[in-house]
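To keep things clear, I will list the structure first and then write my remarks on it.
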Amino acid sequence: MEQVITRFPPSPTGALHIGGARTALFNWLFARSLGGRFVLRIEDTDVERSTEESVKAILDAMEWLDLGWDEGPYFQTHRLAVYRQYARQLLDSGHAYWCECSAEELEVRRGQALAEGRKPKYDGSCRSKGLGEGANRVLRFRTPETGTTLLRDIVKGAIEFDNAELDDLVILKSDGIPTYNFAVVIDDITMGITHVIRGDDHVNNTPRQILIYRALGAKLPEFGHVPMIHGEDRSPLSKRHGATSVMEYKRMGFLPEALLNCLVRLGWSHGDQEIFTRDELIEKFTLENVGKSPSIFTMEKLLWLNAHYIKEKRPEELVELLRPFAALRDYPHKSDGFLAGAIRTLQPRTHTLVEMADAMRFYMVDEIQFEPEAAVKFLTADMREVFGRLISELSALETFDETSLEPVFRTTAEDLKVKLGKIAQPVRVALTGGTKSPGLFEIMEVLGRETVIARLKKGLEYIAGN
RNA sequence: GUCCCCAUCGUCUAGCCCGGUCCAGGACAUCGGCCUUUCACGCCGACGACACCGGUUCAAAUCCGGUUGGGGACGCCA
């Protein structure tokens, strides 16, 4: 069987967004699952809007998501000679002709047609003029005026188009640069693409592209049009829906595996399974299980998935991942071992790396701030005795860890005839500044005896000062 | 306007192709409970959907037609 080759062809007019990332993911998964190749191609024929920065941003995002490509990145602007050669072939075989209608003129005609409720298609006025190449002329494809073109789509099924609905599309602009519909076909042919997996906003382009394949006598690839991703208002995801760029999710503290897992489940499913490892996805992904209807992207499940992956990570890995987020805060330097210990206690209770970086504040700073309300409520005079007793017990403790700490608190509580819960909250406030935190004993083990005692004394000072 | 696509809980979806096992299953979110030194995690439970109308059939979420709703395309953008 012939080797599968898929491609992801972003146009570098902005960052890699959620929708594009999912398309890339599907192509990547499809190729990987079948032992095929995955090609990255930059569609930069829109010279006006394409930028270097966008190229870099897209590559960075692909890298962050770890969607590696086997070929490319190819740039369409580097392949102009190839397109011209095929355009020539089309011209020579009578499948294309030069057109002298100006862009302005066409704009007017289009406006009129729309206003009159007609389909705004090119009227074919230069079709039989037999024009040659010249300044300000574009090359148009001669679309058959009758008949139908059938698209057998892997996800949508068979779709038939009336050729009469199509018009003579421009394939070479007046500056000699190919248009999208032409360049894609030539690239997909010459790069040996076997499966074109893309957003279903392209289904209407497909019959035009199929016609070009035919005119060139080229073999058709398989097509799979996946539904688009929408925002909560059911319109296609765009800037006004908030974060749409992949890298924004990185900045918000999401893990790539969580984003990927979230994206793959938008439109695709494998029974009731929600969590997939990369290998599982490669093993289980099929185009047949891609749905036909558009889906809405929300952060709810992403947050849950991210929390899940954070819980699963080794604390040591999280130390690395957290570094850039910690650097954004005024934290003093701490050893990796200390960091790993702190992180381990935070893992079950944070959804994002940003949350975690914030939550670890009390581990990091030398002087913690008491939340006023918490201090007033828990750092009360009756805690004097408790704290005093704790400080001396703790100082005398041989080993200072979770298991040795617990009995100290239990016996102290018993001796002083109070419930453990009664002394836990005040200690928590003294240690962390607030009323919510990881388990008391795990915190203490991470913080270490010295810091714990120092903070208990600070608590005592606060009590004395009131 | 013309053409194309889509339609199951608030959201992501299973089931639909090959009608009965579905008074529709899972997950997220929400609410309640358990666990518990707080907050979480975890566990248990609740809420909650086949867009509508008609047809075919002994039987329809599943097949057919229409309606409505949503989306896409109609560029010398991609």
Side-chain angles (χ1 to χ4, degrees), chain A residues 9-13 43-46 48-50 76 99 101-103 106-107 110 113-122 136-140 151 153 156-157 159-162 164-167 169-175 177-181 183-184 199-207 225 227-228 230 232 234-236 262 265-275 288-289 291-305 307 311 346-351 359 374 378 406 409 413 419-425 427-429 432 434-441:
Chain A
S11 59
T13 54
E43 309 218 319
D44 56 352
T45 53
D46 185 348
E48 299 281 303
R49 299 194 300 150
S50 297
Q76 292 189 319
C99 167
C101 301
S102 75
L106 293 170
E107 193 59 47
R110 223 183 337 267
L114 236 22
E116 291 166 23
R118 284 179 293 118
K119 195 176 175 82
K121 42 181 267 190
Y122 178 62
N136 295 320
R137 287 185 183 169
V138 299
L139 192 64
R140 281 184 188 275
L151 160 62
D153 195 275
K156 301 267 183 186
I159 306 173
E160 196 175 41
F161 297 86
D162 254 317
E165 285 295 329
L166 280 18
D167 64 357
L169 69 156
V170 172
I171 57 179
L172 240 42
K173 308 179 205 174
S174 55
D175 58 5
I177 292 179
T179 56
Y180 164 74
N181 277 117
V184 192
D200 70 4
D201 48 336
H202 285 291
V203 297
N204 291 283
N205 284 325
T206 311
H225 287 94
M228 310 240 290
H230 291 180
E232 307 213 31
R234 293 179 186 282
S235 69
C262 185
R265 288 286 287 102
L266 252 33
W268 177 82
S269 62
H270 184 266
D272 286 340
Q273 191 170 348
E274 297 286 349
I275 310 261
E288 283 68 31
N289 287 328
K292 298 181 184 186
S293 48
S295 43
I296 295 173
F297 177 79
T298 64
M299 295 246 290
E300 288 171 356
K301 213 164 218 173
L302 210 211
L303 244 10
W304 173 72
L305 282 164
K311 270 176 254 171
L346 263 11
Q347 275 176 286
R349 57 201 91 230
T350 43
H351 293 89
F378 293 107
E406 178 152 5
F409 276 70
K419 286 206 158 192
L420 180 56
K422 203 76 183 148
I423 66 177
Q425 277 307 73
V427 172
R428 189 184 311 281
V429 173
T432 71
T435 54
K436 302 172 190 174
S437 82
L440 215 44
F441 309 124

What's the CG-P distance between A:L151 and B:rC5, to the nearest Å? 10 Å

Any residue meeting salt bridge (charged side-chain N to carboxylate O under 4.0 Å, His left out) with A:E406, in chain and number order, not counting sequence neighbours: A:R410

Residues passing the salt bridge (charged side-chain N to carboxylate O under 4.0 Å, His left out) test with A:K173, sequence neighbours excluded, are none

Of the listed nucleotides B:rU38, B:rA14, B:rA7, the one nearest the side chain of A:S437: B:rU38

Who are the side chain to side chain donor-acceptor pair (under 3.5 Å) partners of A:E232, not counting sequence neighbours? none

Taking side-chain contact (heavy atoms from CB on, under 4.5 Å) as the definition, give me every residue that meets it alongside A:H270, ordered by chain and number, with sequence neighbours left out. A:W268, A:Q273, A:F276, A:K284

base_contact_polar (B:rU37 base, A:R428 side chain, donor-acceptor, <3.5 Å): yes

Return a single string for nucleotides 71-78 of chain B, one symbol per nucleotide in 5' to 3' order, where B is base contact, S is sugar-phosphate-only contact and - is none, cutoff 4.0 angstrom on heavy atoms. SBSBSBBB

For B:rA29, take OP1 and OP2 only and decide whether either is under 4.0 Å from a side-chain N or O of A:T298. no

Set of residues satisfying ring pair (Phe, Tyr, Trp, His ring centres under 6.0 Å) with respect to A:F441, sequence neighbours excluded: A:F409

Base partner of B:rG42, which must satisfy Watson-Crick or wobble distances under 3.5 Å: B:rC34

Salt bridge (charged side-chain N to carboxylate O under 4.0 Å, His left out) against A:K121, all qualifying residues, sequence neighbours excluded: none

Could you run down the sub-3.5 Å N/O contacts of the protein with nucleotides 31-36 of chain B?
none

State which residues pass salt bridge (charged side-chain N to carboxylate O under 4.0 Å, His left out) with A:D153; sequence neighbours excluded, sorted by chain then number. none

For nucleotides 62-69 of chain B, just jot down a letter per nucleotide in 5' to 3' order: B, S or -, based on protein non-hydrogen atoms under 4.0 Å. --------

Which of the following nucleotides, B:rA27, B:rU13, B:rU37, is nearest to the side chain of A:E274? B:rA27

Under-3.5 Å N/O pairs linking protein and nucleotides 41-45 of chain B:
unit_1, atom_1, unit_2, atom_2, d
B:rC41, O4', A:P348, O, 3.4
B:rC41, O3', A:K311, NZ, 3.2

Can you name the residues that form a side-chain contact (heavy atoms from CB on, under 4.5 Å) with A:D162, not counting sequence neighbours? A:T148, A:E165

5'-most contact on RNA chain B: A:D272 or A:E406, nearest heavy atom basis? A:D272

